[in-house]
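This structure is a prediction, so every number in the text was calculated from the model and none was measured. Order of the sequence lines sets the chain letters (A, B, ...), proteins ahead of strands, with each chain counted from 1.
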Amino acid sequence: MGKSAVLWFRKGLRLHDNLALLEACKDATHVYPVFIIDPHFVGPGKVGVNRYRFLLECLTDLDTSLKTKYNSRLIVLRGNPLDVMRSLLKDKQPFAVDKLCYEFDSEPYARSRDAEVTKIAKEGGVEVTVSPGHTLFDLDEILKKFKGTPPLSYGPFVKMVESIGPPQTDKDAPAAIPAPPAAVLGKVDESYSVPTLQEMGCEETPHNGVLRGGETVGLQRLHDVTRNEKWIATFEKPKTKPTDFNPASTTQMSPYMKFGCVSARKFYHHLLAIYKRHKGHSQPPVSLLGQLYWREFFYTVGYATNNYDRMAGNKICRQIAWVNNEEWIEAWQQGKTGYPWIDAAMRQLRREGWMHHLARHAVACFLTRGDLFCSWEVGAKTFDELLIDADWSINNGNWMWLSCSCFFYQFFRIYHPSTFAKKYDPTGAYVRRYVPELRHMPDKYVYEPWKAPKAVQEEAKCIIGQDYPEPIVDHAEASQECKDRMKAAYDEHKAIKRAPKSEMKPDPDDEEEDDEEGEEEDDDEDYSIYKPLDGTNKRSRKGKKASPKKKTKA
DNA sequence: CATGAGGACGCAT
DNA sequence: ATGCGTCCTCATG
């Protein structure tokens, strides 16, 4: 008698180089390709419409490929994965299986979910296999090399990664995938098909972006983008332009990497083949290969770090007394800060679910250490909702980077919120595209429209403060205050580090447990512009400024 | 386009 | 103690 295996798709939404799929096909008479729509990710503020649309496109593509090439289909189940798996693996509903195969996922939610599911499988007598493949290398293997603690610098990380040799060669899609039995295929009808956006609780909005989901378009993009080998070989990330659109100046492969539509290993070997033909190609960190290594880097650190997605209890994260001003946050999120370059980027994000890396830098710097001094966690959540390529490990890592909370510490280097983009796009075409209010503003004022004389504003049909907002902060003033605050936070950090245990830290080895909010003493009350505006925002999310002196353990 | 100051960071060795 | 760090800005030549 043959075996029935479930291939549980989560990320890794592809048929090529899918080790879990190959594992499922091994000795199986039937393979059930399954995806579970998890309500955990549904709802306001969770996953924005653009990423959901992208996901559904990925699922539709899988379903189509399975139908046309393999006489099979994708079975989409709905509900909490634990409930779904309980009924599948223990109650054998809607079908019975012997084996469960999936790809390893390093994110905390996935890890605890998968641990539970594994338990359920054991109880149901179902074998479980976990395959690597989302990253170039097995993260546990990398971690072992670093004795559990990966470096916080890229250089040493890459050095080690390169020393372990190239990742496994990518595998082709299987020649055949044994389909579920006809009886089951007949049983799983409409209610197991790919949902609509509406079912996901999203409004059916027009598709504004250029990036469609799926393995097929992902591979096509990889093919198209790598056809220009010279460009691939000489690619340097800092030299790409954040203001380019149609086409963007980068590969835009990130959403396909995030969902695993395209295998990282395939991308890697593709690049190396091109490098072989082009001597003098660019190098990490700026090269395209360097970008894959950055991904690997953040995945590794994210995997090894507790509370990686927040400041409290996060050992690698600087503790900084950010001040969340809700009005400013709202303005930033909606692209109404009064700084056209910042607003254009934020509107592109909301509209298309994508923006260039350096645009992400600019808006992140602006929200946190550059101008508004709001917490990077707010920014990370916003990106997590709106970006189609939002990737937990990379997103949180980059937010710590940009806010000078980890990885990068030169807080006096601040992106200018109006002139940074000028060198890329002197006439402001990008701004005009995403901030139509400024469409008729002369080049001279398009990045700083508040400086335009009234007559010019009238001529351009854009009165500042009426048709387009005044800047919510004065950059010169705000950035100086931010620098001062960062300096204070860093000094505090140094003081804590220098002063050893002596009565300020209860135990040198308590690390792990209850993150006792190192609430900074707030000696800097005279920072005018960051003071709370009557009740709309709290001083600091962790508020309680009660304790006057350094706490001792309760 | 290239260079240097600015104010002087931290991590890794 | 030293070297280095993907992706700053402004002023100079």
Going by atom types alone, do A/Gln319 and A/His493 pair a side-chain donor with an acceptor below 3.5 Å? no

Tell me what A/Pro151 touches on the nucleic acid: a base, only sugar-phosphate, or nothing, going by heavy atoms under 4.0 Å. sugar-phosphate

A/His361 near the nucleic acid: base, sugar-phosphate alone, or nothing, with a heavy-atom cut-off under 4.0 Å? base

C1'-based separation of B/dA8 from C/dT2 [nearest Å]: 15 Å

Would you please indicate if the ring centroids of A/Trp332 and A/Phe366 are separated by under 6.0 Å? no

What is the distance from NZ of A/Lys423 to C1' of B/dA2, rounded to the nearest Å? 15 Å

May I ask you to say what A/Gln291 touches in the nucleic acid, namely base, sugar-phosphate or nothing, with a heavy-atom cut-off under 4.0 Å? base

Protein-nucleotide distance (A/Lys315, atom NZ; B/dG10, atom P), rounded to Å: 20 Å

Between C1' on B/dC11 and CZ on A/Phe157, what's the gap in Å once rounded to a whole number? 16 Å

Counting the atoms with a prime plus P, OP1 and OP2 as sugar-phosphate, which does A/Tyr154 contact under 4.0 Å by heavy atoms, base, sugar-phosphate, or nothing? sugar-phosphate

For A/Ser153 and A/Arg413, take the nucleotide of DNA chain B holding the closest heavy atom to each; which residue's nucleotide lies nearer the 5' end? A/Arg413

To the nearest angstrom, how far is A/Met486 atom CE from B/dG7 atom P? 17 Å

Base-pair string, DNA chain C, Watson-Crick plus G-U, cut-off 3.5 Å on both distances, | for inter-strand, is |||||..||||||

Within the structure shown, what part of the strands sits under 4.0 Å from A/Arg360 by heavy-atom distance: base, sugar-phosphate, or nothing? nothing

Expressed in angstrom and rounded to an integer, what is the separation of A/Phe412 atom CZ from B/dG7 atom C1'? 6 Å

Would you mind reading off the distance between A/Phe411 atom CZ and B/dA8 atom P, rounded to a whole angstrom? 6 Å

Would you please indicate if the ring centroids of A/Tyr339 and A/Phe420 are separated by under 6.0 Å? no

Starting at CE of A/Met400 and ending at P of B/dC11, how long is that distance when rounded to a whole Å? 14 Å

Verify the distance criterion only: is there a donor paired with an acceptor across the side chains of A/His440 and A/Arg432 at less than 3.5 Å? no

Is it true that, when you exclude A/Lys422 itself, more than 12 heavy atoms of the residues, nucleotides or ligands shown sit nearer than 6.0 Å to its NZ? yes

Do A/Thr337 and A/Asp343 have a side chain donor and acceptor closer than 3.5 Å? yes

For atom NZ of A/Lys423, decide whether the heavy atoms of other residues, nucleotides or ligands shown that lie under 6.0 angstrom number more than 12. yes

Select base, sugar-phosphate, or nothing to describe what A/Lys487 touches, counting heavy atoms under 4.0 Å on all strands. sugar-phosphate

Looking at A/Arg318, I'd like to know whether one of its side-chain N or O atoms comes within less than 4.0 Å of OP1 or OP2 on B/dG10. yes

Side chains of A/Ser249 and A/Asp244 only: does a donor on one sit below 3.5 Å from an acceptor on the other? no

Pick the closest DNA chain B nucleotide for A/Lys159 and for A/Lys494 by heavy atoms, then say which residue is nearer the 5' end. A/Lys494

With a 4.0 angstrom cut-off to heavy atoms of chain A, pull out the first and last contacting nucleotide of DNA chain C, in 5'-to-3' order. C/dT6 to C/dC10

A/Lys483 near the nucleic acid: base, sugar-phosphate alone, or nothing, with a heavy-atom cut-off under 4.0 Å? nothing

Checking all strands, does A/Leu358 fall into the base, sugar-phosphate, or nothing category for heavy-atom contacts under 4.0 angstrom? base

Taking the ring centre of each residue, are A/Tyr430 and A/Tyr434 less than 6.0 Å apart? yes

Donor + acceptor pair across side chains of A/Trp392, A/Asp384 (<3.5 Å): no

